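Whatever order the structure lists ligands and atoms in, that order sets their numbers, starting from 1. Because the structure is a prediction, the values reported are computed rather than measured.
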Amino acid sequence: MRLTVGQAIVRFLAAQRSERDGVEHKLFEGCFGIFGHGNVAGIGQALLEAELSADPGALPYHQARNEQGMVHAASAFARMRNRLSMLACTSSIGPGATNMVTGAALATVNRLPVLLLPGDVFATRVAEPVLQQLEDPRAGDVSVNDAFRPVSRYFDRIWRPEQLPSALLRAMRVLTDPAETGAVTLALPQDVQAEAFDWPDELFAPRVWHVPRAVPEPAALARAVAALKTAQRPLIVAGGGVIYSEATDALREFAEAAGIPVAETQAGKGSLPYDHPLAVGAIGATGTTAANALAREADVVLGIGTRYSDFTTASRTAFQHPDVRFVNLNVAAFDAGKHAGASLVADARAGLEVLTTALTRYHVDPGYTARIDGANADWRQAVEHAYHLGHQPLPAQTEILGALNESMDERDVVVQAAGSMPGDLQMLWRARDPKQYHVEYGYSCMGYEIAGGLGAKMAAPDREVFVLVGDGSYLMMAQEIVTAVSEGIKLNIVLVQNQGFGSIGALSESLGSQRFGTRYRYRDPASGRLDGDVLPVDLAANAASLGADVIRTRTVKELQAALAQSRASDRTTVIYIETDPLAPVPSSESWWDVPVSETSALDSTQQARAAYAAAKRDQRMYL
Ligand SMILES: Cc1ncc(C[n+]2csc(CCOP(=O)(O)OP(=O)(O)O)c2C)c(N)n1
Ligand SMILES: [Mg+2]
C-alpha cells in the first residue's frame, strides 16, 4: 500500500486495540494537534485525509491551544480510562515540540500512556538550518527533540520510512505495558512525514494489544505471606495501581477478610469509599491524623501500586516502628523493591486475589480494630468542622471543597494538580467512586487543571467534571477553555482566587522565608518590593472573554447555588470565588522534607533551620 509516512502512522494508529479481561477497547480515540511547518503537510495532511474519508471516526483530530495543554489532556484521558485507551499528540518542530516536554514528563512520572509525534528537522538536511532548528556545532544529529529522551519511556526518530514499522510496534508495546508505560515519543523529520513508501498490508491489519495481569511468583508470594502473617499492626498503602488495575473490589475483600486498615496516596484516593470502616484516608505529609497515627505504629506496611513518593512517606518519617517491614505489590519491579521490601511483582488485582486466599486464617486483633475506629471517628469530625468553618469575611478554601464535595454525585469527577488544593483535597475529600478523585500529584504541574479536565471529560462524557483551579495555575494555562468551548465539551470550573501562591506562601513562611515572592502585588515605590496593593486583575472577565459562562460568587451559599446552576447548564461554566489564603487547615501531624538554609542573617530562617534539624531526626532509611 503506497502511503506517506504520515498517512501510514494515522492508518496504523486507527487499527490498534487494547484488551484486558477479554474486553477490547479502541487504543487511540483521537489525535490532538497544533500545526506548523513541521507537521502541517505530513501528519496534518494525513489527519485531513482521514477526516474526509469514509470512516471519519477512525482517528478524529482535535485542535488544542497549547502543546503542553494537549499532552495534559491526553494524560488525563488515559488516567480516566485506566490506561486502556489513549490519545496521540502531533506538534510542529522546535517550540511546538518542546512545549510538549513538560507534558511528557508529567505522563511518565504518573505512569500514564501518551503518544507524542513531534515534527523534527529535515532528515536530508538539504536546506538546513530549517526554521527553528537548533544547530549543535559538535553533532549533526541533535535536535531539540533529544530533550524528550529522559522523559519518554520509548524514544525514536524516524530517519527513514523503513524504520517506521518496528518503531510503531515497540511504541505500542510500551504504551500498553502497565509496568513500562509513560510518554512515548516518535520524532518525525518533516520531510520523512511526507515521503511515500510501499507498506505491507499487514502493517495496517487490526492488532490487539493484550494488557496482562501478571501473577506473583510462588516463592515471592510465600515470603510476602510469611511477613504479613506475623503482623500485629499492619497497614495497607493503596496507590494509583489499585485504581488502574480495577482492583478496588479485590482490595475491599482482602482488607475486610484480614481487618487491615487502608490508607491512600494521592493517585490511590478512592480505592475504598471514604466511609468504609477500614478506610483511614490519606497518608503522609497531607494525610489524615488517623492514617498517620496508624502508620507510625505499623509493623508491616503492605504497599499496593504505590511508588512511595515523599508525600506518601512523609519524607521517610511516616513509619516509626523500629522493626517496620514492607511488602510491596506492584507491576513494576522497580517500585516493588523499594524500602527493602518483600517484592511481589504482580498486577494489583491478581496479587490481592491470591493474597486473600493465602491469608484466610489471619485477622488483626480486636484491640487494633478499636484503635482504627477511634482514630477514624476523631478525623471525621475534623473534616466536618473544616467543611463548615464559617470563616469571615472571605470563606476558607476548606469550605469551598466541602461545598463542592457535598454537591457531588457519586460518579462526578474533581480535577486538580497544584497549589494548596491538592493537600487540602487529599486530606479532606470524601471520595465515593474510584474515578471521582483526579488529582495529578506525580508532577503536580500548575496548568494541568483545565487541560486535564478537558481530557477527563473527553474520556468520560457521561460524568460531570469539576475542575478546581487556583489563580496562579489559571494564569499559567487557562487556554484550553477555548478548546472546550469549540468542541462543545462541558466543564464546570471553580476558580479559586487568593491573589497568589497560597501554598508556597504557607510553605515559605514555615521555612522562614516570609512568603517572599508568593503574592501577586504591585511593586511598592516606597519599599521597592512586591508588597504593594492587590492587582486589578479580573480573572472572571478573562474566563468570559475565552467563551465560558461565568458566575461570580462571594459566599459559600452563592457558591452552592452556582454549582447547581453550572451542573444544569450544557455550557462550560467558570465559577469565580475569592478565598482567604490565611484561613486554618487541619494538621496532618506529619512532615515534608524541604531543606532550610543552614546559615542565614535572618532570624526567621535561623528559627526554621532549628525546627528543620529537629524534624530531620525522625527520618529513616528503611533498610
Ligand atoms: C509549572 C509549575 N511551576 C511551579 C510550581 C511550584 N508551585 C507549586 S504550587 C504553586 C502556586 C500555585 O498557585 P495557585 O494556583 O494560585 O494555588 P494556591 O497555592 O494559591 O492554592 C507553585 C508556584 C509548580 N508546581 N508547577
Ligand atoms: Mg492562588
Please name the pair of heavy atoms, one in T553 and one in A562, separated by the smallest distance, quoted to 0.1 Å. CG2-CB, 3.7 Å
Do R316 and D618 meet the salt-bridge criterion of a basic N to acidic O distance under 4.0 Å? no
Residues at least two apart in sequence or cross-chain that pass salt bridge (charged side-chain N to carboxylate O under 4.0 Å, His left out) with K557, listed by chain then number, are none
Could you tell me whether R523 and D533 have a side-chain N and a carboxylate O separated by less than 4.0 Å? no
Which N, O or S atoms belonging to the protein are less than 2.8 Å from the Mg ion (ligand 2)? D471 OD1, N498 OD1, G500 O
Among R79, E440, Q266, find the residue that satisfies the side-chain hydrogen bond (donor to acceptor under 3.5 Å, both in side chains) test when tested with N110. E440
Who passes salt bridge (charged side-chain N to carboxylate O under 4.0 Å, His left out) against R515, sequence neighbours left out? E509
Report each N/O pair between ligand 1 and the protein that falls under 3.5 Å, naming both atoms.
from	atom 1	to	atom 2	distance (Å)
ligand 1	15 (O)	G472	N	3.4
ligand 1	15 (O)	S473	N	2.9
ligand 1	16 (O)	D471	N	3.4
ligand 1	16 (O)	D471	OD1	2.8
ligand 1	16 (O)	G472	N	2.7
ligand 1	16 (O)	G500	O	3.0
ligand 1	19 (O)	S420	N	3.3
ligand 1	19 (O)	G502	N	3.2
ligand 1	19 (O)	S503	N	2.8
ligand 1	19 (O)	S503	OG	2.6
ligand 1	20 (O)	N498	OD1	3.0
ligand 1	20 (O)	N498	ND2	2.9
ligand 1	20 (O)	G500	O	2.9
ligand 1	20 (O)	G502	N	2.7
ligand 1	21 (O)	S420	N	3.0
ligand 1	21 (O)	S420	OG	2.5
ligand 1	25 (N)	S444	O	2.8
ligand 1	26 (N)	M446	N	3.2

Students often mix this up, so state it plainly: with edges at 30° and 60°, are the rings of Y520 and F501 parallel, tilted or perpendicular? perpendicular
E487 and H62 side chains, donor-acceptor separation under 3.5 Å: yes
For the pair F311 and W592, name the ring-plane relationship: parallel under 30°, tilted 30 to 60°, perpendicular over 60°. tilted
